[in-house]
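A quick write-up on the structure given underneath.
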Amino acid sequence: MPELSAGLELIGFLQWVYNIIASIINTLGLPQIILNIVLMVLICLAIIVFLALMALFLIWWERKVAAHFQDRLGPMMTGWHGWLQTVADALKLLQKEDIVVASADRKVHYWAPVVVFTACLMAFVVIPFGKGLSPSKVNIGILYILAITSLTVISLLMAGWASNNKYALLGGMRSAAQIVSYEVPLTLSIIGVVLMSGTLSMGGFIEAQGPYFWKWYIWPQILGFAIYLSAATAELNRTPFDLPEAEQELVAGFNIEYSGMKFAMFFLAEFLNMFLVGAVATTLFLGGWQPPLPGLSFIPSYIWFLGKSLFIVFVIMWFKWTYPRLRVDHLMAFAWKVLLPLAFLNIILTAVGVYIF
Amino acid sequence: MSYKTITLNVGPQHPATHGVLRVKIELDGETIVSAKPIIGYLHSGIEKNMEVKTYTQAITMTDRMDYLAPMSNNLVYVMAVEKLMDVEVPPRAQYIRVILTELTRLNSHLVWLGTHATDIGAMTMLLYCFREREKITQMYEFVSGVRMMSSYFRIGGLDNDVPPGFDVRIKDILDTFPAKIEEYEGLLTENKIWKNRTIGVGKISAEEAIKSGLSGPLLRASGVNWDIRKSNPYSSYDHFEFDVPLGENGDTYDRYKCRLEEMRQSLRIIRQALDGLPSGPYITKDRKITPPPKEEALKGMEQLIHHFKFWTEGFKPPKGDVYHSIESPKGEIGCYIVSDGTNKPYRVHFRPPSFVNISALDKLARGQMVSDLIAIIGSVDIVLGEVDR
């Protein structure tokens, strides 16, 4: 129903922006490459601004969700229901002195938050935020995301090692072991969807599912979805898998020696990664930006996408405020003895199903 | 490749050492080779301070030891002085003491449950437990005017009779609390992660527990039936029916189960004590250790002098020494008083259950992992104010 929803979709607006820029470039007589560069810069800026706002929103939201699970109100003083609280916190963190311990490896200590934040931002390049809102249409989008998010582990190790602190080192060690282990079931859980849709591009998954909720991959791939959500929660270092930064054991884990904006970058990356998990789960299992029924397409596609992603994020927050934390050995046993065999089972079942139907 | 253990200093500033406990641990990877608790960071000279206060004034010092169980500390001290002076406490005061010390048990166990669960990562429990604890601290405020440092008990009875409406408020707690315990159990008891984290962690056998001098829920979780309320009943605990919950394996999970069951039993005791609450005086009539009533002091000369002498000088117990112990929420708390016949104690010494229990930390933690150490410290249930005094 493009004509119904055209008024609210962003495609028209983007086309309009593109036309203006293209005409300016043309009248100036500049080569085509300049147009491409300008567009890329604009797209990157748009993503960064959107994600920065999203991270601030998610931090506020997490605090509100936690508070309401715990019979509290959470931030209430700054702005309506405390919505300005994270803005104020971010401003405070920006002004804080950047403390580096004397015995730290300064270069590695400096680059660790940069790597984690960059890796996180890069992953969003292939996310289809709505109809025609995919910043880059790479035809191996999901592979790209898996590859880029693996960089996180390097930065956590860097942070843990460079801080020259035993707690940080233990946190870094834990996170390396954990993320590498959970990468395996995470990747395998996605293969089911790849087999069913026959594509690796993010747009392809959405097209293959269609705007009917009973055709979404969450139903045939319910096992894959469960594995993906568990493994992704572990990748995010969130409860019940938050061992790398287990507050009660390692104080703060790998980021114990970080303060000010460097700390904020770890923190923002954590929340953006959470949104990334929600976005990928939406694309793979929940039909992406498509409405559950074609008749509901008067609500614009990016709203559907945000709604579904934020619901997944909410579920992950729900885990955090309900479950206790696993222990290191149980964590490894869970990845290799439970999730991995289940993921293989899921692949075999899907392959047989795809072959028969 | 050469390979050695690393030494990790946990605390005194650490989120999960329940105050300022410091533990020096030897780690082989993440496995604990040895754990040595180092104490003294919260030493405040409570026992020494009591030597320069009269017997009545010294009551206020006891609150500050185990600040989660102030009424129990009050009780052991006043009972020790009563034993020294051979004072008869009226039954009404005894019953109210029972009600309030059992409320204290609930208070202490709630804070234990909240912090213990938070240590293991279940953050929400803390807020749920503090929500219920609030009612108990309000109850303290209702009877004594103070939320934490109540100092409500006096030698020979109570500071004052309970205000009207006491029974209604207690009944309210009694009616709402069982459902809350169910709620906690629903979140934790059958939770797979919780069981994984606590079963078999910090195990200690009955013999080892006795050898280490453990007491309270820590000892009972190992299957030793030792509860001073049953074995040496004091303050008319023998009038009430209650069970002593016992564990089997002596691990963190059994300690958790024991304490939750103890909370239910405490409610049972409070209900019986409230139903059978006798009327009568709230403090002994013995004018040696209680001031004369206000009306008399305002009218008679002799009574006014007595009133003045009592509040300035206090009373003088006979020479001698005395030891008394009761079952505090954390185990056996004992009070040893030496009197030289003056109005101030010559020496007061406490046997704090937290101090004795934490000394077994090395035995409990050896061979476990770092995460288990945190669970074990939580399950020992220490209050550093009491360990260091």
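So you know, we letter chains A, B, ... as the sequences are listed, proteins then strands, and number each from 1.
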Subject >> Interatomic spacing from CG in B:Leu8 to CG in A:Leu170 - rounded to 0.5 Å >> reply: 6.5 Å
Subject >> CZ (A:Arg106) with more than 12 external heavy atoms under 6.0 Å >> reply: no
Original post:
Rounded to the nearest 0.5 Å, what separation is found between the NZ atom of B:Lys192 and the CG atom of A:Leu326?
Top reply: 9.5 Å
Subject >> Heavy-atom pair of closest approach, residues A:Phe69 and B:Tyr128 >> reply: O-OH, 2.7 Å
Original post:
CH2 of A:Trp83: more than 12 outside heavy atoms within 6.0 angstrom?
Top reply: no
Subject >> Flag, side chain of B:Arg197 to backbone of A:Pro324, donor-acceptor distance under 3.5 Å >> reply: no
Original post:
Crowded around A:Phe225 CZ? As in, over 12 foreign heavy atoms under 6.0 Å?
Top reply: yes
Original post:
Which pair of non-hydrogen atoms, one from B:Ile193 and one from A:Arg325, has the smallest distance, and what is that distance?
Top reply: CG2-O, 3.5 Å
**OP:** Please tell me if the side chains of A:Asp71 and B:Leu127 come closer than 4.5 Å, counting only heavy atoms from C-beta onward.
**Re:** no
**OP:** Please say whether more than 12 non-hydrogen atoms of neighbouring residues, nucleotides or ligands are located less than 6.0 Å from CZ in A:Phe311.
**Re:** no
Subject >> B:Leu126 portion near chain A, given a 4.5 angstrom heavy-atom threshold >> reply: neither
Subject >> Distance-minimising heavy-atom pair for A:Arg174 and B:Val370 >> reply: NH2-CB, 4.5 Å
**OP:** Let me know if B:Asn196 has heavy atoms under 4.5 Å from chain A in its side chain, its backbone, both or neither.
**Re:** both
**OP:** Flag yes if more than 12 heavy atoms outside A:Trp60 fall under 6.0 Å of its CH2 atom; otherwise flag no.
**Re:** yes
Original post:
For B:Phe355, does the CZ atom sit with more than 12 other heavy atoms under 6.0 Å from it, leaving out its own atoms?
Top reply: no
Subject >> Closest non-hydrogen atom pair between B:Val10 and A:Tyr167, with its separation >> reply: CA-OH, 3.2 Å
Subject >> A:Gln70 backbone acceptor or donor facing B:Thr124 side chain under 3.5 Å >> reply: no
Original post:
CD of B:Gln138: more than 12 outside heavy atoms within 6.0 angstrom?
Top reply: yes
